[in-house]
Chemist: 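My questions all concern the structure below.
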Amino acid sequence: MEKLTTVEGGAYPFGMKNVDTDIVIPAHWLKTISRNGLGKGAFEVLRKEPGNVFDDPAYAGSPILIAGDNFGCGSSREHAAWALGDLGIKVVIAPSFSDIFSGNAFKNGILTVVLPQEAVDRLLEVAKTDPIHVDLEAQTVTTQFQDRFSFEIDPFRKHCLLGGLDEIGLTLGEADVIDSYEAKVAQDRPWIAPAAVA
Amino acid sequence: MVKPRTLYEKIWDAHVVERRPDGTCLLYIDRHLVHEVTSPQAFEGLRLAGRKVRRPDLTLAVPDHNLPTTPRRDADGNRIPIADPESAQQLAALEKNAPEFGVRLIGDADREQGIVHVVGPEQGFTLPGTTLVCGDSHTSSHGALGALAFGIGTSEVEHVLATQTLLLKQSKTMEVVVDGELAPGVTPKDVALAICGHIGTAGGTGYVMEYRGSVFRDMSIEGRLTVANMSIEAGARSGLFAPDEKTFAYIKGRPMAPKGADFDAAVAWWKTLVSDEGAVFDKTVVIDAADIVPTVTWGTSPEDVVAVTGVVPDPQSFADPSKQAAAQKSLDYMGLTAGQKMADVAIEHIFIGSCTNSRIEDLRAAAALLKGRHIAAGIKHAMVVPGSGLVKEQAESEGLDRIFLDAGFEWREPGCSACLGMNPDKVPAGERCASTSNRNFMGRQGPGSRTHLVSPEMAAAAAITGRLTDVRELLSNPVTA
């Protein structure tokens, strides 16, 4: 996973509430065999609307998405996080997220920042004209207009994002405890592995 | 004195590799089922990172979601191409990934192929007291055998492939107690639907359920699989049955199950897997078996249940304003009006299949009603999709296929079929299906499709009359051949 320390840049001033993962990426995109390329399907239905922020050249390539309450609710499809990542989004800022989406985003190196509605409203304004700065180490979101909003994050997630550590890499680092667990189980329940099938 | 523990806590404790200060545990995973939809990206992740599958012997791959249920090989044994290129690509990816990573694949034309949640128990891959995962929410099914089984996302699939573990926090526990005796015509599916209706689709969120009481003790293993399957529809990621003599008898002799002295040693441990006297559950739900009747769904959530003898509810009758709005939206989608009798609702499609109800007992129950009868004139399409190739063979050896075919049903190859709109089996927009599957979500069986969840018996009854029907009417008026 890529390290995420600070992100500076434009932000999509999206702001819509209760965006479910069907809106983020419709079901027919689930037939892919890759994590890549899903950006094309991101917000597919909304992008049919003229004037939508995702097709506005002013915001193209922005690394930040500013969303509304309960972002990422509904289906557990990890494709939603993959689609945002493919779009180049590294940080999503909203008043709240669904647990599943938040977990999926984190597993894909995307930071979800929870801020109060007033702060989100202010950032939605700023994003229309100016860049936003996110500092994970300091746990702050700032603008060039003296705005400074602090956010909370699970220490383990912060550690993983800062170091670009993926959970799998971390768990593989504990291979010795897994080895000893397996050795113990092989003693206690020697029948546990499935019988080989000819 | 040792603190009394629930069945869930016993299985959990036996699988903790490491406990972190914040309560997160590295949990060992004994069994991993893999299918073609949620695994390609996980295998790709391993490949990109140069990682291997830690325990291919604990992993089993079976395609099911995308496969058409029409014949897969022509008379010469050549593969009949899958029309949808994306489905074909997902299948091809599984067929490449499984051997590359040393994982056993039960392929599309193997006689053991079927829906992963039918194949696991059938092959003896699923065992009591194991932790079992799959990138599919209906993994809860395997709890019927006393396995702690739950659905996971694709990153977790990759994590399990690479490490054979998951990072998890322990869930709360809920006992669901149903005592008494089920009346004739009342099936395990009706029990599952009754539970969804009773606690709601979010009622079990954050909990692992344990099914307790005489109804569950008396239930067959296949009935338990139906109930455990729908735990997720009541919000619970897992639902457990304590393994008993029926469980041991079911497992004995299955291809991947322990044999001989190993089996005896396994049974000795499995017998300890019961909730201790005095174990405390975080929540208890009690339902009287006498209150459970043949049930149908009227709306677009599995909690929208009503007796088949009942009427479509009035949205205004719900106390919660958000539920009122949701109910009205459901009725609009379903093309139903408040007060309409469920037994007057005409049906155009019948689907007997899915990981909920596609096992041999389900097919026998439906066939018993259909024997000597025919689908009604208004039924446009009726099909039976056995849960696995072995279920299909068994049914054919009993002559059930003839009964279905004579009654006007199609007899298909195994797979997920019309439970979800990922393969060619779909219900057309605006048309109505009596379905033995598990989700009546909007568009689940195809865009605009209207689903009524029912038991196999009730699906057969609806096929005969062309409308939702109380199976008990047909039980009391058997056809004389």
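To find a chain, count down the sequence lines: A is the first, B the second, and so on, and within it residues start at 1.
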Chemist: Would one find more than 12 heavy atoms of other residues, nucleotides or ligands at under 6.0 Å from atom CD of A:Gln144?
Modeler: yes
Chemist: Determine the option with the most heavy-atom pairs under 4.5 angstrom with chain A, choosing from B:Glu86, B:Gln123, B:Gln164, B:Met256.
Modeler: B:Met256
Chemist: Any chance you could lay out the side chain to side chain contact (heavy atoms under 4.5 Å, CB included) test for B:Ser155 and A:Asn108, step after step, and finish with the verdict?
Modeler: CA-CA 8 Å; B:Ser155 283; A:Asn108 290 280; 4.1 Å; yes
Chemist: Would you call B:Glu158 and A:Arg35 a salt bridge, using N to O less than 4.0 angstrom?
Modeler: yes
Chemist: Which pair of heavy atoms, one from A:Ala195 and one from B:Ala257, lies closest together, and at what distance?
Modeler: CB-O, 3.6 Å
Chemist: If you take all heavy atoms of B:Arg55 and A:Ala193, which pair is closest and at what distance?
Modeler: NH2-CB, 4.1 Å
Chemist: Using a strict 4.0 Å threshold on nitrogen-to-oxygen distance, state whether B:Asp262 and A:Arg189 make a salt bridge.
Modeler: no
Chemist: Would you kindly say whether A:Glu182 and B:Tyr28 are connected by a side-chain donor-acceptor distance under 3.5 Å?
Modeler: yes
Chemist: For B:His15, which atoms come within 4.5 Å of any heavy atom of chain A: side chain, backbone, both, or neither?
Modeler: both
Chemist: Can you tell me if CZ on A:Arg47 sees more than 12 non-hydrogen neighbours from other groups inside 6.0 Å?
Modeler: yes
Chemist: In sequence, state the C-alpha distance, the side-chain angles, and the governing distance for B:Thr163 and A:Glu174, and then conclude on side chain to side chain contact (heavy atoms under 4.5 Å, CB included).
Modeler: CA-CA 9 Å; B:Thr163 71; A:Glu174 299 188 60; over 6 Å; no
Chemist: Measure the CZ-OG1 distance between A:Phe156 and B:Thr24 for me, rounded to the nearest 0.5 Å.
Modeler: 8.0 Å
Chemist: Given the rule in the side chain to side chain contact (heavy atoms under 4.5 Å, CB included) test, do A:Thr171 and B:Leu166 qualify, once you have shown the distances and angles that lead to the verdict?
Modeler: CA-CA 9 Å; A:Thr171 306; B:Leu166 279 176; over 6 Å; no
Chemist: Hey, are the side chains of A:Ile192 and B:Leu58 touching, using non-hydrogen atoms and a 4.5 Å cut-off?
Modeler: no
Chemist: Quick check on A:Asp179 against chain B: is it the side chain, the backbone, both or neither that has a heavy atom closer than 4.5 Å?
Modeler: both
Chemist: I'd like to know if the side chain of A:Glu78 reaches the main chain of B:Gly153, judged simply by a donor and an acceptor atom lying under 3.5 Å from each other, with no hydrogens or angles considered.
Modeler: no
Chemist: Looking at every non-hydrogen atom in both residues, tell me the closest pair between B:Ala162 and A:Ile168 and how far apart they are.
Modeler: CB-CG2, 3.6 Å
Chemist: Could you go through B:Thr154 and A:Arg77, starting from their C-alpha distance and side-chain angles, then the distance that decides it, and tell me whether this counts as side chain to side chain contact (heavy atoms under 4.5 Å, CB included)?
Modeler: CA-CA 8 Å; B:Thr154 298; A:Arg77 61 190 64 170; over 6 Å; no
Chemist: Please classify the contact between B:Ala49 and chain A as side chain, backbone, both or neither, with a heavy-atom cut-off of under 4.5 Å.
Modeler: neither
Chemist: Mind telling me whether B:Trp270 and A:Trp191 have parallel, tilted or perpendicular rings, with 30° and 60° as the class edges?
Modeler: perpendicular
Chemist: Output yes when a side-chain donor or acceptor of B:Gln41 lies under 3.5 Å from a complementary backbone atom of A:Thr32, and no otherwise.
Modeler: yes
Chemist: Show the nearest heavy-atom pair for residues B:Glu156 and A:Lys107, with the distance to one decimal.
Modeler: CG-CE, 4.0 Å
Chemist: Do any N or O atoms from the side chain of A:Glu167 and from the backbone of B:His159 form a donor-acceptor pair under 3.5 angstrom?
Modeler: no
Chemist: Taking all atoms of both residues into account, what is the closest heavy-atom pair of A:Ile33 and B:Gln89, and its distance?
Modeler: CD1-NE2, 3.8 Å
Chemist: Answer with side chain, backbone, both or neither: which region of B:Arg20 has an atom nearer than 4.5 Å to a non-hydrogen atom of chain A?
Modeler: side chain
Chemist: Quick check on A:Asp166 against chain B: is it the side chain, the backbone, both or neither that has a heavy atom closer than 4.5 Å?
Modeler: side chain
